[in-house]
Amino acid sequence: MNTTPPHGETSQRRTIIPWPLKLAYTAFTAVLTVYYWREYGPTNFLYFCDIALFLAVLAVWTEKPIYASMAAVGITIPQLLWQIDFLGAFAGVRVIGMTEYMFDDSISLIARGLSFFHFWLPILLLYLVWRLGYDRRALIGWTIIAWGAMLIAYFALPGPGDLLAFPNQPHNVNYVFGPDPETAQTWMPGWAWLSCLMLGLPALFYLPTHAALAYWDKQTRRVDVAPESGNRMPSAI
C-alpha cells in the first residue's frame with residue numbers, strides 16, 4: 001500500500017481529498033440513493049456499480065486506500081465497456097447496446113442523468129487511487145464482496161420471468177441468470193453459469209485491473225517527497 005503523501009503533500013496535512021469533492025460526491029450519492037430506493041427498491045444496491053459507489057463514499061471520507069482500491073478493481077473494466085458503448089451510441093454507432101436506455105426518451109431525464117455515474121465513477125476511482133495509493137488487499141476484498149452479491153442475487157432475488165413485487169423491481173441482478181436481463185440462459189445449468197461468473201470475473205476483470213493498479217502504484221512510489229524542499233525526488237531504490 002502506498003503510504004507516501006502524494007504530490008508533494010506532507011504527512012501533517014489533514015485531508016488529501018479536497019473538501020468540495022467530498023461534499024459534492026456525497027450529496028450526489030445521497031440523491032441517487034433516495035431516488036433509486038424509491039424507484040427500484042433496496043435490492044438495486046446489490047449491483048456491483050452501486051456497491052462501488054458506496055465504497056467511494058467511504059474512500060473520500062476515511063481516505064483509506066482499501067475502499068477506493070476495491071471499487072476500482074471491481075468496476076474499472078466493466079465500466080470501460082459502458083463508456084465505450086455510451087460514446088458509440090452518442091455517435092450513432094451501436095457497440096454492445098448496454099447503454100441504449102440512456103437515449104430512451106420514455107425514461108425520465110433525472111433517471112438517465114443519475115445513471116450517468118457509470119461513465120464518470122471509474123474515472124473518480126482512479127483519481128482516488130492516485131491520491132490515496134493502491135491497497136493490494138483489494139483483489140481479495142472485492143472478490144469476496146462480488147461473490148456475496150452474486151450468491152444473494154442468485155438465491156434470494158428474482159430471475160428472468162419471475163413474478164415481481166413491483167414493476168421496477170431489479171431482477172437478474174449482476175446477470176447471475178444469464179447475459180440477457182429478461183431471459184435466463186439455457187446453454188448450461190444455472191449453477192454452472194453462476195460458477196463461471198464467480199471464477200471468470202476475477203480472472204478476466206479483477207486480476208488484470210489489480211495487476212495494472214499495483215504496477216502503477218509501484219511506479220508512483222519510486223518518487224519520494226524531498227524532506228526539506230517539498231519537491232519530488234527520485235528514490236534511491
Side-chain angles (χ1 to χ4, degrees), residues 1-2 43-59 65-89 95-102 115-130 132-155 157 159 170-181 184-185 187-188 190-219:
M1 182 178 66
N2 187 357
T43 59
N44 187 82
F45 301 118
L46 284 172
Y47 280 108
F48 297 147
C49 50
D50 292 279
I51 295 173
L53 192 78
F54 293 122
L55 285 174
V57 174
L58 292 175
I66 183 63
Y67 301 120
S69 300
M70 286 194 297
V73 163
I75 72 163
T76 296
I77 294 180
Q79 296 306 282
L80 175 61
L81 298 177
W82 198 99
Q83 292 169 333
I84 293 172
D85 191 75
F86 177 84
L87 293 175
V95 181
I96 303 175
M98 64 190 301
T99 62
E100 289 180 347
Y101 72 95
M102 291 293 290
S115 188
F116 191 67
F117 85 87
H118 292 89
F119 190 96
W120 55 258
L121 180 59
I123 300 173
L124 172 63
L125 291 173
L126 292 178
Y127 166 79
L128 294 177
V129 171
W130 173 60
L132 303 175
Y134 179 68
D135 191 318
R136 286 159 176 77
R137 299 172 296 175
L139 175 61
I140 296 176
W142 176 265
T143 299
I144 292 173
I145 290 174
W147 282 353
M150 284 188 280
L151 289 173
I152 293 173
Y154 186 81
F155 289 106
L157 301 187
H171 53 284
N172 197 13
V173 172
N174 296 321
Y175 304 103
V176 294
F177 294 99
D180 187 336
Q185 62 82 30
W187 313 324
M188 61 185 74
W191 63 265
W193 172 262
L194 178 63
S195 299
C196 288
L197 281 184
M198 296 181 70
L199 296 176
L201 290 178
L204 299 177
F205 291 170
Y206 309 157
L207 183 58
T209 306
H210 164 77
L213 292 177
Y215 176 79
W216 180 31
D217 186 61
K218 182 179 179 180
Q219 296 306 307

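Residue indices begin at 1 and follow the sequence shown.
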**Student:** Compare every heavy atom of H171 with every heavy atom of P181, then report the nearest pair and how far apart it is.
**Tutor:**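 Looking at all heavy atoms of both residues, the closest pair is O-CD2, 3.4 Å.
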**Student:** With D50, which residues qualify under side chain to side chain donor-acceptor pair (under 3.5 Å), at least two apart?
**Tutor:**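 Partners of D50 under the side chain to side chain donor-acceptor pair (under 3.5 Å) test: none.
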**Student:** Side-chain contact test, heavy atoms from C-beta onward, threshold under 4.5 Å: evaluate it for F117 versus Q79 and give yes or no.
**Tutor:**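 F117 does not reach Q79 side chain to side chain.
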**Student:** Would you give the length of the straight line joining atom CH2 of W216 to atom OH of Y134, rounded to the nearest 0.5 angstrom?
**Tutor:**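 Spacing of CH2 (W216) from OH (Y134) equals 11.5 Å.
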**Student:** Got R136 and L213 here, is their nearest side-chain heavy-atom distance under 4.5 Å?
**Tutor:**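 With C-beta onward as the side chain, the pair stays apart.
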**Student:** Taking only residues two or more places apart in sequence or in another chain, which ones pass ring pair (Phe, Tyr, Trp, His ring centres under 6.0 Å) with Y47?
**Tutor:**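 Scan of Y47 (ring pair (Phe, Tyr, Trp, His ring centres under 6.0 Å), adjacent residues dropped) gives none.
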**Student:** To the nearest 0.5 Å, how far apart are CZ in F86 and CE in M102?
**Tutor:**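 Separation between the atoms: 5.0 Å.
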**Student:** Taking ring pair (Phe, Tyr, Trp, His ring centres under 6.0 Å) as the definition, give me every residue that meets it alongside F45, ordered by chain and number, with sequence neighbours left out.
**Tutor:**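 Checked F45 against ring pair (Phe, Tyr, Trp, His ring centres under 6.0 Å); matches are F54.
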**Student:** Report all side-chain donor-acceptor pairs from residues 120-128 shorter than 3.5 Å, counting only partners two or more places apart or in another chain.
**Tutor:**
none

**Student:** Just wondering, do P202 and W142 contact through their side chains at under 4.5 Å, heavy atoms?
**Tutor:**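 When only atoms from C-beta onward are counted, P202 and W142 do not touch, as no gap falls below 4.5 Å.
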**Student:** Side chain to side chain donor-acceptor pair (under 3.5 Å) with T209: which residues, sequence neighbours excluded?
**Tutor:**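 None.
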**Student:** So, taking the atom named OH in Y206 and the one named CG in L201, what distance separates them when rounded to the nearest 0.5 Å?
**Tutor:**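 The OH atom of Y206 sits 4.5 Å away from the CG atom of L201.
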**Student:** Rounded to the nearest 0.5 Å, what separation is found between the OG1 atom of T99 and the CG atom of D85?
**Tutor:**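 Going from the OG1 atom of T99 to the CG atom of D85 covers 3.5 Å.
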**Student:** Going by the rule side chain to side chain donor-acceptor pair (under 3.5 Å), which residues pair with Q83 if we only count those two or more places apart in sequence or in a different chain?
**Tutor:**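 Checked Q83 against side chain to side chain donor-acceptor pair (under 3.5 Å); zero matches.
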**Student:** Would you give me the side-chain donor-acceptor pairs under 3.5 Å for residues 172-180, sequence neighbours excluded?
**Tutor:**
| unit_1 | atom_1 | unit_2 | atom_2 | d |
| --- | --- | --- | --- | --- |
| N172 | OD1 | V176 | N | 3.2 |
| N172 | OD1 | F177 | N | 2.8 |
| N172 | ND2 | G178 | O | 3.0 |
| N172 | ND2 | D180 | O | 3.0 |
| N174 | OD1 | F48 | N | 3.1 |
| N174 | ND2 | L46 | O | 3.0 |
| D180 | OD1 | E182 | N | 2.9 |

**Student:** Restricting to non-hydrogen atoms, name the atom on Y154 and the atom on G190 that form the minimum distance, rounded to 0.1 Å.
**Tutor:**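 Of all heavy-atom pairs spanning Y154 and G190, the closest is OH-C, 3.3 Å.
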**Student:** Can you find a heavy atom in the side chain of L80 that is under 4.5 Å from one in the side chain of I84?
**Tutor:**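 Answer yes - side chains close enough.
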**Student:** For L207, check side-chain contact (heavy atoms from CB on, under 4.5 Å) against everything at least two apart and list the hits.
**Tutor:**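 Result, side-chain contact (heavy atoms from CB on, under 4.5 Å) vs L207: L139, H210.
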**Student:** Side chain to side chain donor-acceptor pair (under 3.5 Å) with S115: which residues, sequence neighbours excluded?
**Tutor:**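 Side chain to side chain donor-acceptor pair (under 3.5 Å) check on S115 returns Y101, H118.
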**Student:** Using side-chain contact (heavy atoms from CB on, under 4.5 Å) as the criterion, list what pairs up with L151, not counting sequence neighbours.
**Tutor:**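 Once residues adjacent in sequence are excluded, the partners of L151 under the side-chain contact (heavy atoms from CB on, under 4.5 Å) criterion are F155, L194, M198.
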**Student:** Under the ring pair (Phe, Tyr, Trp, His ring centres under 6.0 Å) rule, collect the residues that match up with W187, sequence neighbours excluded.
**Tutor:**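 W193.
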**Student:** Report yes or no: does D217 contribute a side-chain atom to a donor-acceptor pair with the main-chain N or O of G133 at less than 3.5 Å?
**Tutor:**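 Not at all, since once roles are kept as given, no pair shorter than 3.5 Å links the two residues.
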**Student:** Give the table of side-chain donor-acceptor pairs shorter than 3.5 Å for residues 67-77, with sequence neighbours excluded, one pair per line with atom names and distance.
**Tutor:**
| unit_1 | atom_1 | unit_2 | atom_2 | d |
| --- | --- | --- | --- | --- |
| S69 | OG | P65 | O | 2.7 |
| S69 | OG | D135 | N | 3.0 |
| T76 | OG1 | A72 | O | 2.5 |

